[in-house]
Every structure is written in structure tokens, then in C-alpha cells.
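Okay, structure first, notes after.
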Amino acid sequence: AQTVTQSQPEMSVQEAETVTLSCTYDTSESDYYLFWYKQPPSRQMILVIRQEAYKQQNATENRFSVNFQKAAKSFSLKISDSQLGDAAMYFCAYKTSENTGFQKLVFGTGTRLLVSP
Amino acid sequence: DAGVTQSPTHLIKTRGQQVTLRCSPKSGHDTVSWYQQALGQGPQFIFQYYEEEERQRGNFPDRFSGHQFPNYSSELNVNALLLGDSALYLCASSFEQEAFFGQGTRLTVV
């Protein structure tokens, strides 16, 4: 079974600074998807960024980028120019690419990001 | 587009009772998944519905059951509620390789 580990329960960053959230996973599959989701106090999970394992290039979405190390099974999220609105819980998630349709997401335990002025 | 909507937003039930949670998927999405998120934890997959049938199921007892209707909306039913069932229940609808989540239903069992 696949597992996702987030070893940082909480991280702090100042506005305009850069922060990196860590995520490791375990799988025997060669093709899969990895995601970072943001969960603000409103509770709704919001997709931040997605990485397909067969793609060598690291995904980037505006201020958010990932460092995907497939051999090390590591998938970290870098937030540049942090903003107060970035404060939230961040979850790393794994999804197999096997079979058709959308398969279940396996989540880590989350990292709470605090952003100070 | 209203996105994924869940009802109710909050619910308080007594041990032993039964509860039904509802989810309307994002327009055009035919797959609905349910997750349980205990306080301070990541979401745990309960089950997924596609074409009105349960396609996948996580490690949850039979007290957890569901249904999907022809319009793709879905219900999650939990029987014989336990205190440990207190959690945020998230619904996600998906199309191709992207899932969209609702704001969840906060269930408190007393």
C-alpha cells in the first residue's frame, strides 16, 4: 500500500520570504501522480500543484513550485514571496495512475503553515 | 459553476443514531469520492462512486454506506454512530485526473 509522510507538523515564514514543505512517499509503482493541496480555515481543499511521475520537469504554478526527486521518493513544495493568504494546512497526496478513472487520493498528515507580517 | 456543494455544513448526532450527508458534484463530473478527516489528520478515503456503483472502498466498516443518483449527486450514510465517527466529511468530484473538493460536513457525535 502507498503511504505519504509529512514530517513537519508546523512551519513558519515571514511575508515575502520563501518556505519549503517536505513530503516523502512510498510506492512500488512507476507511474503515479503527486499533489499538494491547501486547506484554509474554510475547510475546502484547494489544489495547489500537480506532478506526474513520468515527467522529469518539476511543476510550477506562479509562486508555487515543487522539487520532485523520483528515486528518493521525495516531493517538496516551495512557496516563494509568501503572502498572509498562504497561511493554511498543506497536504501532500498520492494517486496511482493505474486503471481508468480517478483513483483514490492517499494523503499525508499535513503541515500547518504560519505566515507572519 | 457552483463547484462541489455539501450539506449540511454542521451536524450534531447522538451515539447510535444514523446520519445522511449529501454531495452535489461539480458540473460535468461523474465520479464522487468521500473522505473522513479526523481532527489534526489528513483525509482518509471512504469510498468512490461511478455510474451509480461503488467502484473503490477504503478500510471502513459496513456501517458506512453510500449511494449515487443518476444526476451524479451522492449520499454518505453512517449507521450506529460512534463517538469516533466525529470528523469532517469531505466529498470530492472528479473528471479525468483532477479532483475538486467541497467544504465538508462537520459531524459531531455526542
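Please read these numbers as outputs of a predicted model, since none were measured by experiment. Naming: A, B, ... by sequence-line order, numbering from 1 per chain.
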Are there over 12 heavy-atom neighbours, none belonging to [X], within less than 6.0 Å of that residue's [atom1]?
{"X": "B:Q44", "atom1": "CD", "value": "no"}
{"X": "B:I12", "atom1": "CD1", "value": "no"}
{"X": "A:N62", "atom1": "CG", "value": "no"}
{"X": "A:R112", "atom1": "CZ", "value": "no"}
{"X": "A:Q56", "atom1": "CD", "value": "no"}
{"X": "B:L39", "atom1": "CG", "value": "no"}
{"X": "B:F95", "atom1": "CZ", "value": "no"}
{"X": "B:K13", "atom1": "NZ", "value": "yes"}

[X] side, atom [atom1]; [Y] side, atom [atom2] - distance, nearest 0.5 Å:
{"X": "A:Y33", "Y": "B:E98", "atom1": "OH", "atom2": "CD", "value": "11.0 Å"}
{"X": "B:F101", "Y": "A:Y37", "atom1": "CZ", "atom2": "OH", "value": "5.0 Å"}
{"X": "A:K104", "Y": "B:R55", "atom1": "NZ", "atom2": "CZ", "value": "13.5 Å"}

If I measure from the heavy atoms of chain A, does [X] come under 4.5 Å with its side chain, its backbone, both, or neither?
{"X": "B:A99", "answer": "both"}
{"X": "B:Q41", "answer": "both"}
{"X": "B:S93", "answer": "neither"}
{"X": "B:Y35", "answer": "side chain"}

Here the pair of heavy atoms bringing B:G42 nearest to A:F91 is CA-CE2, 3.4 Å
Where do A:S42 and B:Q103 come nearest, in terms of heavy atoms and distance?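 So the two residues come closest at O-NE2, 3.8 Å.
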If I measure from the heavy atoms of chain B, does A:L105 come under 4.5 Å with its side chain, its backbone, both, or neither? both
Looking at A:Q39, A:Q44, A:R43, which one has more heavy-atom pairs under 4.5 Å with chain B than the rest? A:R43
